[in-house]
Amino acid sequence: MTSAYHSFLGLFFLSLHFFHSPSTSDDYIVYLGRNDIQDPILTSNYHLQLLSSVFPSQEDARESMLYSYKHSFSGFSAKINSTQAANLASMERVISVFKSQILLLHTTRSWDFMGLNLEPTANQATPLQLTHGDGTIVGLFDTGIWPESKSFREEPRMHPIPRTWRGECVHGENFNPKKACNLKLIGARYYLKGYEQAYGPLNTGETSEYRSPRDANGHGTHTASTAVGSTVKMASFFGFGQGTARGGAPRARLAVYKVCWEEGKCSEADILAAFDEAIHDGVNVISASFGSPPPLFPLYNSSSDIGSFHAMQKGISVIFSAGNSGPDPSVVENVAPWSTCVGASSIDRNFPTRILLDNSLSFKGESFNTKHIEANLVGARSYFRGGICRMNRWRNNSAVGTVILCFSTQGQVQIEDAEVAAWIANATGLIFVDSPNRQYVDVDIIPTIRIDMIQGTKMSHYLSQSMTTPPKVHIFPSKTAIKGSPAPVVADFSSRGPSSISPDILKPDISAPGISILAAWPPGISPTSTEIDQRSVEWNFESGTSMSCPHVSGVVALLKSLHPNWSPAAIRSALMTTAYNRDTNHDTILAGGSNEESSPFDIGAGHLNPIKAMDPGLVYDMKADDYILFLCNNGYTKDQIKRIISLPPGTPIICPKEFKTNTNLNYPSITVSSLESTVTIKRTVRNVGAKKTAIYFARILSPHGVEITVWPRILFFSYFIDEISYYVTLKPQKVSQGRYDYGEIVWSDGIHTVRSPLVVCVNTVTLTVITDDSSQAPDQPLDLAGA
Ligand SMILES: *[C@@H]1O[C@H](CO)[C@@H](O)[C@H](O)[C@H]1NC(C)=O
Ligand SMILES: *[C@@H]1O[C@H](CO)[C@@H](O)[C@H](O)[C@H]1NC(C)=O
Ligand SMILES: *[C@@H]1O[C@H](CO)[C@@H](O)[C@H](O)[C@H]1NC(C)=O
Ligand SMILES: *[C@@H]1O[C@H](CO)[C@@H](O)[C@H](O)[C@H]1NC(C)=O
């Protein structure tokens, strides 16, 4: 992720951190579980008292305290050394003590070369033709908000702020709550102590960061307008993507919790403080587009997972982004079963750009090019040693008047590197040849046209034949086209399952638009977030699971206003069982980065389908107890489980004696990560359709090599029976050493289609291990699957 204020000079600001005197104290989170003292003042006095016991004086303790978490659960964060941490951890009332870590925003490919980072973008996704969401409050944990953006104006005839709201719009640098907040933006807070603890004091003089809820980055403004932005006509980025901008729930209320600061860094101590207050303030949905790439923290050591557990207990849905580390398997983030994890996919829009060589050869690329460019086309070798389009390969010669042809394959160059290199050389433009998996458009620092390998190769051959004069190239302004290619396609960068913490729970849960999304942008921050870019825009394109997450959050806000009593699990079930798996050509949705059909590890249950999610027919529900059982079965000890949940004092945690897999958690997807012999899995569905009497039939698509039996095959719902359990028996029918196969179970009453993906890894081969001493005799066979 990137920031406006990190230009080339940003590098020097960064290096200042190295001069920080090494301190032996760190920011720790001390978690005490349930808040039994209902009075917040008494609670924080108690926290201070606890902390004082490891300091010479109460004054020292007060100084080291960052936050007292006193509303929705009890705990605090403080700057302490490891001895103090250990002392606190040994106290009876203290449930856990863990270091606060830094999480990162989930935007795509950063321009990390020399600290020159660019933000990609987002464009208005398929407009969600639903006007509700009034009465629902969405809490956005991000980089803050640009309140003057048209997206945060009041919609006509908005009702007063819901009476349940207890939040605040706080004062701060360049942020006057009287002007900033209204019936749309009803809350704004910021959390800075953890960030400053990690990186030193925020110097608002050297950078454009604000000590207030104001957004100095753009990311928070963009995600907020995607989730709940009001309707704004004629939004576009220099004419591209022109149309009406609106969030998923344009009448929902917005409460901003600024927890991410420069370079998109977000401290866990700050995040937990935001959870504590947002839950108490009365938000209905929390949208958070950040995380930390693998290795994932254990659920009991992660403020996102602890905070979201408490939110779930209060009926608040928490939506996270899956991360941008795809397309490799097993890198998905934010995998707790009580929150929703969102992958990213493309939408039905392209920005075709025509290129003409010597008035004879025509090519088609993708760009946001606004001008008609006429120049010489020159190969990368003329400017960069080895033809590698990187700044440190530059031959120091001027490329004025030329368009440079660069291949990603020459030196594994990313488009951002090539753009910086071409910019340094003063090139007129850049034609960048890359795998078709990465043909989506970003906002560029110089005119840049992306073309595929086949066209690029043809262009390169033509170039090498024109020995004497370089060919003339014409590049025409890009157009906005819809329905030009099948959509959605899963983004190559979208982080894939299986979950590295609990492979028996399918993650991501769902996919939503996250490529070239147009949404609101602070005019003071250039669209590429670099200083060399002088443009000012109200709307900007961004890509990332950061952008897909708020699409789901907006739809959840609509669902909450329609079904205020549904649990977060029921709402997620509605999203998942109605998600679709076919693209606009009626083919299976493709997985970007592979040219293959997507699997549930790419796309979860499928692509978000807002209209269908309103009326799912059946839901798979879950309660806190189900998640506690999940934690037991995931191998966590009772002490570790206590670090996540909060029970009334004296309530024991009862884990079953026998360690089991988590396949019986009533999740809307079914995943068996190691099927060694026949197993039977239970699921329970509740009828939430308009008709109390309904008959549902099962349709099964068996994964390859697995025999699936569902019993009963017909579910009869009536006035007296609204909840029914069914059983799925999986019998391995092949010899396999652990490869995944996919199927589905679909329940239908003729009106509703309730689909669950079925993910099974048959593991029926026991491996014979040969010991490495010279005797060839096989030792005893080991059961690999059990290892
Ligand atoms: C930790 O801080 C306490 C209190 O200030 C001090 O007594 C102790 O020596 C410190 N321990 C270490 C390892 O720095
Ligand atoms: C969890 O946090 C505690 C306290 O910071 C630490 O000692 C422990 O190593 C962490 N566990 C893991 C697996 O990260
Ligand atoms: C380009 O100029 C820099 C600074 O003057 C110099 O260090 C570098 O060697 C030059 N590179 C080439 C390829 O001439
Ligand atoms: C690029 O253009 C800038 C501004 O006109 C100029 O200062 C610089 O010397 C140029 N660099 C090259 C390599 O031509």
Side-chain angles (χ1 to χ4, degrees), residues 7-9 11 20-30 46-68 76-91 93-94 96-100 111 113-114 116 118 193-194 197-198 200 269 371 373-406 413 416-432 444-448 470 473 526 528 530-535:
S7 62
F8 292 93
L9 293 178
L11 191 69
H20 249 259
S21 64
S23 109
T24 50
S25 290
D26 268 313
D27 185 5
Y28 282 87
I29 293 168
V30 180
Y46 173 62
H47 293 158
L48 189 61
Q49 193 189 321
L50 267 185
L51 186 58
S52 300
S53 68
V54 298
F55 274 103
S57 74
Q58 201 180 57
E59 222 24 69
D60 293 337
R62 201 187 298 275
E63 240 169 55
S64 84
M65 174 98 77
L66 299 177
Y67 294 103
S68 168
F76 56 90
S77 54
K79 187 185 172 181
I80 51 178
N81 64 33
S82 53
T83 321
Q84 291 167 309
N87 286 344
L88 281 168
S90 68
M91 291 177 190
R93 274 305 317 271
V94 173
S96 71
V97 179
F98 59 97
K99 261 191 202 168
S100 166
W111 297 73
F113 188 59
M114 284 202 48
L116 184 83
L118 301 201
K193 292 173 189 166
Q197 176 58 42
K371 296 178 289 197
I373 294 168
E374 196 178 343
N376 292 328
L377 182 71
V378 179
R381 273 172 203 283
S382 303
Y383 298 102
F384 304 102
R385 282 176 288 125
I388 297 172
C389 293
R390 278 187 204 282
M391 214 168 98
N392 60 0
R393 293 285 184 145
W394 184 37
R395 297 183 192 275
N396 292 352
N397 49 345
S398 167
V400 168
T402 66
V403 167
I404 307 178
L405 179 65
C406 288
V413 170
E416 294 89 344
D417 301 331
E419 279 184 46
V420 172
W423 177 79
I424 291 283
N426 284 346
T428 305
L430 167 69
I431 294 176
F432 190 74
D444 304 303
I445 53 172
I446 71 164
T448 301
V473 62
S526 78
T528 51
T530 61
E531 278 180 8
I532 57 177
D533 185 353
Q534 300 294 315
R535 294 173 292 181

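As the structure lists them, so they are numbered: ligands from 1, and atoms in each ligand from 1. Only heavy atoms go into these numbers, but all of them, side chains included; no hydrogens, no water, no symmetry mates.
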Can you find an N/O atom of Asn397 closer than 3.5 Å to an N/O atom of ligand 4? no
Assess whether side chain to side chain contact (heavy atoms under 4.5 Å, CB included) is satisfied between Ser64 and Leu51, documenting all intermediate values. CA-CA 9 Å; Ser64 84; Leu51 186 58; 3.6 Å; yes
Which bit of Tyr383 gets closer than 4.0 Å to ligand 4, counting heavy atoms only: side chain, backbone, both or neither? neither
Please examine the side chains of Ser25 and Asn81, heavy atoms only from C-beta on, and report whether any two atoms are closer than 4.5 Å. yes
Pair Leu50-Val30, side chain to side chain contact (heavy atoms under 4.5 Å, CB included): steps then yes or no: CA-CA 10 Å; Leu50 267 185; Val30 180; 5.6 Å; no
So the atoms of ligand 1 within less than 4.0 Å of a heavy atom of Asn81 turn out to be 1 (C), 2 (O), 3 (C), 8 (C), 10 (C), 11 (N), 12 (C), 14 (O)
Any idea which of Asn87, Thr83, Val54 brings a heavy atom closest to atom 13 (C) of ligand 1? Thr83
Can you confirm whether some protein heavy atom lies under 4.0 Å from atom 4 (C) of ligand 4, or whether none does? no
Compare all side-chain heavy atoms of Phe55 with those of Arg62 and state whether any distance is below 4.5 angstrom. no
Would you say atom 9 (O) of ligand 4 touches the protein, meaning some protein heavy atom is under 4.0 Å from it? no
Under 4.0 angstrom from ligand 4, any heavy atom of Trp394? yes
Ignoring hydrogens and angles, tell me if any N or O in the side chain of Asp533 forms a donor-acceptor pair with the backbone of Ser526 under 3.5 Å. no
